[in-house]
Structures are given as structure tokens and as C-alpha cells.
Asks: 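Sending over a structure as C-alpha cells; questions will come in a sec.
No hydrogens, no waters, no symmetry mates; every other heavy atom, side chains included, goes into these values. Just so it is clear, the structure is predicted and the values come from calculations on it, not from any experiment.
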Amino acid sequence: MPFSVATWNINSVRLRIDLVLQFLRDYQPDVLCLQETKCPDDLFPREAFHMAGYEHIEISGQKGYHGVATLSRRPLSEPARVGFCNIADCRHLSTIVTAGAKRLRIHNFYVPAGGDEPDPLINPKFAHKLGFLEEMKAMNAVYGDGHASLLVGDLNIAPLETDVWSHKQLLKVVSHTPIETETFEALRKNGGWSDLMRHYIPPHEKIYTWWSYRAADWAAADKGRRLDHIWGSPDLENDLANITILREARGWDRPSDHVPVIARFNLD
DNA sequence: ATGGTGGCCACGCCA
């Protein structure tokens, strides 16, 4: 089995523990990065994941909101949590895993959604989102330490025109405004990151990973956005075997509004 | 047409 990493905004890991376990049984990613676990660390369902073969678990959780977790079949080392914007919320967790000859640093991110009004002067949540992106510029794909890197998670921005159901209708909607998409692409490129989903799926094809709960029929309307991302250091482009976006997961019983994205690599 | 749904957890906040 080649090395694989999945990312999934689960919108409550406790409520959807059975969905996650089913996903792990069916797809068996080596590493699963969860966001919006909404679970304090002492209540995290560690035992259920241990039983499913995911014995290596790092978590950064809080009561009610946010929270990220990285689950792995392989040992995880050097867990690190970076705080952003001087707010004590749980939006980042990095770990290191071995894949083939590579030591791979995996950043698991949950970027602030940013509220409804795309104006930092009147909406503190949008100001927080922009401030968070500023601080994300410190995340580089390549350091001098010989590690390869992945940066995955719910980044809450759909950068390309083909990452939303209607570019024109979403230009003033938070997640697709020019200030967000331009800042996002600049920080990705300046940080030396490759957009691995777009490396595998050509930019002219529509990709969505999220569909709002507020639709009578999400599949018929299909008003999705690509809010979840897998970035990698450039060396990983050559190792990438494929990307799977599990659209069907949006139709599962009591689903998350996000679906899993899986990257598989030609690494053992 | 400018509300619609969902999760947390105890009621309004966040997405």
C-alpha cells in the first residue's frame, strides 16, 4: 500500500465517530488530518481510533469550537502547535511521519472562516482571517532541515474560478473575495508550496470539497466550493500518485458539510 | 428571494 494522507473537516468528531471509522476501514489512509473536531482533549475518542489501527494520535482540541487532530498508523514525532493572532484557539498542529526515504512534516490547519461581511473594518472575524493568513506566511514548504512538507486542512478559501460554482456570484462572498484569493495564492507561492490537488486535477476542471447544509438538495444544486486543500513541497509533485475527492461522503447519513480529500504517493 | 441547516450545549455563537 502506498503512503497516503487524508484531510477532512468532520464538524464534530464525537457526533460522527462512526462515519470516520467507516472511512478509515474503507480507505485506510496512513494519516488522517481532522478539523473542527469540537472536542476537548480529555474527551477525544482515542480508544475507538486505536481499535481501528490508528495508534498514533496527536490532538489540539477545545470545547465547542475548532480543534484539529492527526491520526496515524505510523509513528508521529515532534508534535507542535503554533498559535495565531494571539488567540488561544486550536487551529494548527504539525507532526512528522516517515514515508519511504522521506521525513515528512505535516501541517494540519483550520483557517478561520471569516464571518459574512468581507470588510475587516466592520467585521472582526474577517480581520482575524486576514491576520491569520499574514501569519501563515511563516510556513515554508522547504527549510534547511531536509524534511519534505505537506500543509493540509480546511483553509476556508477557494482560490481559483473553478474552485466555486459561480466565480461571478461569489466575488463578494467570504472565501472567494479577491483580497482572500490573491493573498492565499501569494502566500502559497512565496512559501514554496505546490497545490497538489491542482497538480493532479487540471485547473480548468471544477473541484468542490464543501457544500452548504442550507440547501434543499445539495447534489442537485451543486453549489460547492473547494475549501479543503493539500499543499506539498515541490519534491512531492514527483511522488504524487493520485488525489481522491470523496464527493459521495456528502451524501452519507448525517454528513459533515465537507468531504475527505486523499492524496496517495509513490512512497512506502 | 437575503433565508435556509447543523453542532455545541444550554442560548446565542459559529460555520
Asks: Could you check A/Phe109, A/Trp210, A/Phe184 and say which one makes a ring pair (Phe, Tyr, Trp, His ring centres under 6.0 Å) with A/His229?
Replies: A/Phe184

Asks: Return a single string for nucleotides 5-15 of chain B, one symbol per nucleotide in 5' to 3' order, where B is base contact, S is sugar-phosphate-only contact and - is none, cutoff 4.0 angstrom on heavy atoms.
Replies: BSSSS---BSB

Asks: Determine the Euclidean distance between corresponding P atoms of B/dA10 and B/dG4; express it in Å to zero decimal places.
Replies: 25 Å

Asks: With A/Arg14, which residues qualify under salt bridge (Lys or Arg N to Asp or Glu O under 4.0 Å), at least two apart?
Replies: none

Asks: May I ask you to check if A/Arg73 and A/Tyr54 form a cation-pi contact, with NZ or CZ under 6.0 angstrom from the six-membered ring centre and within 45° of the axis?
Replies: yes

Asks: Using the salt bridge (Lys or Arg N to Asp or Glu O under 4.0 Å) criterion, which residues pair with A/Arg264? Sequence neighbours excluded.
Replies: none

Asks: Taking the same atom, C1', in B/dA1 and in B/dG7, what whole-Å distance lies between them?
Replies: 27 Å

Asks: Sticking with atom C1', work out how far B/dC9 lies from B/dA15, rounded to a whole angstrom.
Replies: 16 Å

Asks: Taking only the P atom of each, what is the distance from B/dC11 to B/dG6 in whole angstrom?
Replies: 22 Å

Asks: Under the side-chain hydrogen bond (donor to acceptor under 3.5 Å, both in side chains) rule, what pairs show up with a residue in residues 245-254 of chain A, not counting sequence neighbours?
Replies: A/Asp222-A/Arg247

Asks: In plain terms, say whether A/Asp145 and A/Arg103 are close enough for a salt bridge, that is, a side-chain N and a carboxylate O under 4.0 Å apart.
Replies: no

Asks: For DNA chain B, report each stem as range with range, ordered by first number, or say none. Use Watson-Crick or G-U wobble pairs under 3.5 Å, at least 3 in a row.
Replies: B:5-8 with B:12-15

Asks: Looking at A/Ile201 and A/Ile243, what are the two nearest heavy atoms and their distance?
Replies: CD1-CG2, 4.4 Å

Asks: For A/Lys102, enumerate each residue passing the salt bridge (Lys or Arg N to Asp or Glu O under 4.0 Å) test, keeping only those at least two apart in sequence or located in another chain.
Replies: A/Asp235, A/Asp239

